[in-house]
Protein chains: 2
Amino acid sequence: MQDPAPQRDSYHHGNLPQVLVREGAKLLAERGMGQFSMREVARRAGVAVAAPSHHFGNAKGLLTAIAADGFARLAQRQAKAAAANPDPRDQVIAMCRAYIDLCVEEPGPALVMFRLELVDGSDPQFQDRAVHSFEQFSRAVAHASPPSADRSQIDQIAKTLWSMMHGLQVLRMITDDEAEGLIRFAVGALLAGPS
Amino acid sequence: MQDPAPQRDSYHHGNLPQVLVREGAKLLAERGMGQFSMREVARRAGVAVAAPSHHFGNAKGLLTAIAADGFARLAQRQAKAAAANPDPRDQVIAMCRAYIDLCVEEPGPALVMFRLELVDGSDPQFQDRAVHSFEQFSRAVAHASPPSADRSQIDQIAKTLWSMMHGLQVLRMITDDEAEGLIRFAVGALLAGPS
DNA sequence: TCTCTATCTGATCATTGCTCAGATCAAAAT
DNA sequence: ATTTTGATCTGAGCAATGATCAGATAGAGA
């Protein structure tokens, strides 16, 4: 919540990596991936164009850090959504909504989190955080599933919902209002299983 | 199916636009969107770097044409899938598979078809073909839905499946083998609706 | 105080998208 | 048959980008 403050107090920046991640996310939110550039991020951070490369290696490195940060925020939102709902099924629905909310409120990270060509999937921190957020969701699905459901079926439901959430957002097939109804319908149907 | 043949017979190319779309799709398939470049497409077509701009305006124009072509091919595959299956539910399942098959067998167009930032969504041909392929799918869902299902529910099922298909593919959450089972499960559950 | 090392600068290089004047050619008009 | 017209393509040029590298700077430890 609190800003780390130091924007530039001396030759050394203080915490350039954090600032670059933040400015990068802001730039993504403002202009989208098409207009994203390392140089512009450096400019906004008030630093030489080559500085970011020192910390992140290349553009993919910075985007990976932004995406990893996004997954951490998603996990936070998911946890909060789960905590606010006692009923297991409501938890799943709320966690789906948490992802949509993330996309709306923090569009920067959301634009790169699931773009496997843009990020370095082998980065440990990225991997950890991505896996963690999905497993958190998967556990909620397991909780909400009927006792008759086995491991593979739970896995199918989680993957279907996870994919659906992403697809809905990227294809822009629904407005924010419709989202609630569609999520409730899909969660209900998938948890119930085929007739 | 048949190649239009003329690769270069004179100063005028013959059918540069078609060749550019084809070479562009091939380049996308080989190197992905990250390494895609207008200049490389021009090079492969054996033409000056400025030639593509004359036909497509800019990079987005060419990508839009590639995507539009992809939607036409998808519609073809969907129609064939439907024709091969008498049972309505099997038709829906086969049409879902048709999309996955497209992504595997023609990865070039698939990489841009659903990327709204990369293409010009207002292009009439692109719009027509995209809408047509979705409506074809939507009609199949309507056919397979129980009589009790109303228009809005059918719409929800179609959108959910359409989004899921895209999400599954882009997130690479399933192997080709798992796809069949997962699709059958999702289609069955969604058509049945919440318990 | 001196040394060491991470951090950051400034410049360079190859590549890209886009633009524009002009060359080339096919087809219509005369 | 000749001219004109207009679409197609060329070649050069411009601004911007990602990446790299030697070197400047300063904080941290000896």
Side-chain angles (χ1 to χ4, degrees), chain A residues 4-24 26-28 30-67 111-112 115 117-120 123, chain B residues 4-24 26-28 30-67 111-112 115 117-120 123:
Chain A
Q7 198 64 340
R8 197 58 178 282
D9 35 5
S10 67
Y11 185 92
H12 279 65
H13 191 288
N15 57 351
L16 229 209
Q18 273 196 39
V19 173
L20 290 174
V21 167
R22 197 174 50 203
E23 292 297 326
K26 273 168 61 182
L27 177 59
L28 277 173
E30 285 176 27
R31 303 201 193 163
M33 186 57 211
Q35 306 300 327
F36 179 87
S37 100
M38 288 286 268
R39 291 174 109 98
E40 177 65 19
V41 174
R43 243 170 265 138
R44 294 187 176 206
V47 95
V49 293
S53 298
H54 175 68
H55 293 282
F56 298 103
N58 52 24
K60 179 175 276 193
L62 175 54
L63 291 174
T64 302
I66 293 172
L111 278 175
V112 291
R115 296 280 294 278
E117 347 83 67
L118 296 181
V119 301
D120 175 15
D123 180 82
Chain B
Q7 198 65 342
R8 198 59 177 284
D9 34 6
S10 67
Y11 185 92
H12 280 66
H13 191 287
N15 57 351
L16 229 208
Q18 274 196 39
V19 174
L20 290 174
V21 167
R22 196 173 52 202
E23 292 297 325
K26 274 169 60 181
L27 177 58
L28 277 173
E30 285 176 27
R31 303 202 193 163
M33 187 57 211
Q35 306 300 326
F36 179 86
S37 101
M38 288 286 268
R39 289 174 111 98
E40 177 66 18
V41 174
R43 244 170 263 138
R44 294 187 176 205
V47 98
V49 293
S53 298
H54 174 69
H55 293 281
F56 298 102
N58 51 26
K60 178 176 277 192
L62 175 54
L63 291 174
T64 302
I66 293 173
L111 278 175
V112 290
R115 297 280 294 278
E117 346 84 68
L118 296 181
V119 301
D120 175 14
D123 180 82

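Chain identifiers are assigned alphabetically (A, B, ...) following the order of the sequence lines, protein sequences preceding nucleic acid strands; residue numbering begins at 1 within each chain. Values in this document were obtained by computation on a predicted structure and should not be read as measured data.
- Atom CZ in B:F36 sits about 8 Å away from atom P in C:dG17, given to the nearest Å.
- In this structure, of C:dG10, C:dC20, C:dT7, it is C:dG10 that holds the atom nearest to the side chain of A:A50.
- Computed from coordinates, the A:L27 CG to D:dA16 C1' distance equals 14 Å when rounded to whole Å.
- Remark: of the listed residues B:L63, B:N58, B:T64, B:T64 is the sole one forming a side chain to side chain contact (heavy atoms under 4.5 Å, CB included) with B:D120.
- In this structure, CZ on B:R44 lies 4.5 Å from CG on B:L27, to the nearest 0.5 angstrom.
- The listed nucleotides are C:dT9, D:dT8, C:dT7; the one nearest the side chain of B:H55 is D:dT8.
- Put simply, B:R43 has no side-chain N or O that comes within less than 4.0 Å of OP1 or OP2 on C:dT15.
- A straight line from CE of B:M38 to P of D:dT10 spans 14 Å, rounded to a whole angstrom.
- Between B:H54 and the phosphate of C:dT19, there is no side-chain N or O to OP1/OP2 separation shorter than 4.0 Å.
- One can place CZ of A:R39 at 13 Å from P of C:dT12, the figure rounded to the nearest angstrom.
- One can place CG of B:L63 at 14 Å from C1' of C:dT16, the figure rounded to the nearest angstrom.
- One distance of note links CD of A:E40 with CD of A:E30; it measures 8.5 Å at 0.5 Å rounding.
- In this structure, CZ on B:F36 lies 9.5 Å from CG on B:L118, to the nearest 0.5 angstrom.
- A straight line from CG of A:L16 to C1' of D:dA26 spans 15 Å, rounded to a whole angstrom.
- Looking at heavy-atom distances under 4.0 Å, B:A59 makes contact with sugar-phosphate atoms alone, never a base.
- Between the C1' atom of D:dT8 and the CD atom of B:Q18 lies a distance of 16 Å, rounded to the nearest Å.
- When each of A:G57 and A:E40 is assigned the nucleotide of DNA chain D with its nearest heavy atom, A:E40 is the one assigned upstream, toward the 5' end.
- Using a 4.0 Å heavy-atom cutoff across all strands shown, B:S37 reaches sugar-phosphate atoms only and no base atom.
- Counting to the nearest Å, the C1' atom of D:dA15 and the CG atom of B:N58 are 17 Å from each other.
- The environment of A:Q35 atom CD is sparse: at most 12 non-hydrogen atoms of other residues, nucleotides or ligands sit within 6.0 angstrom.
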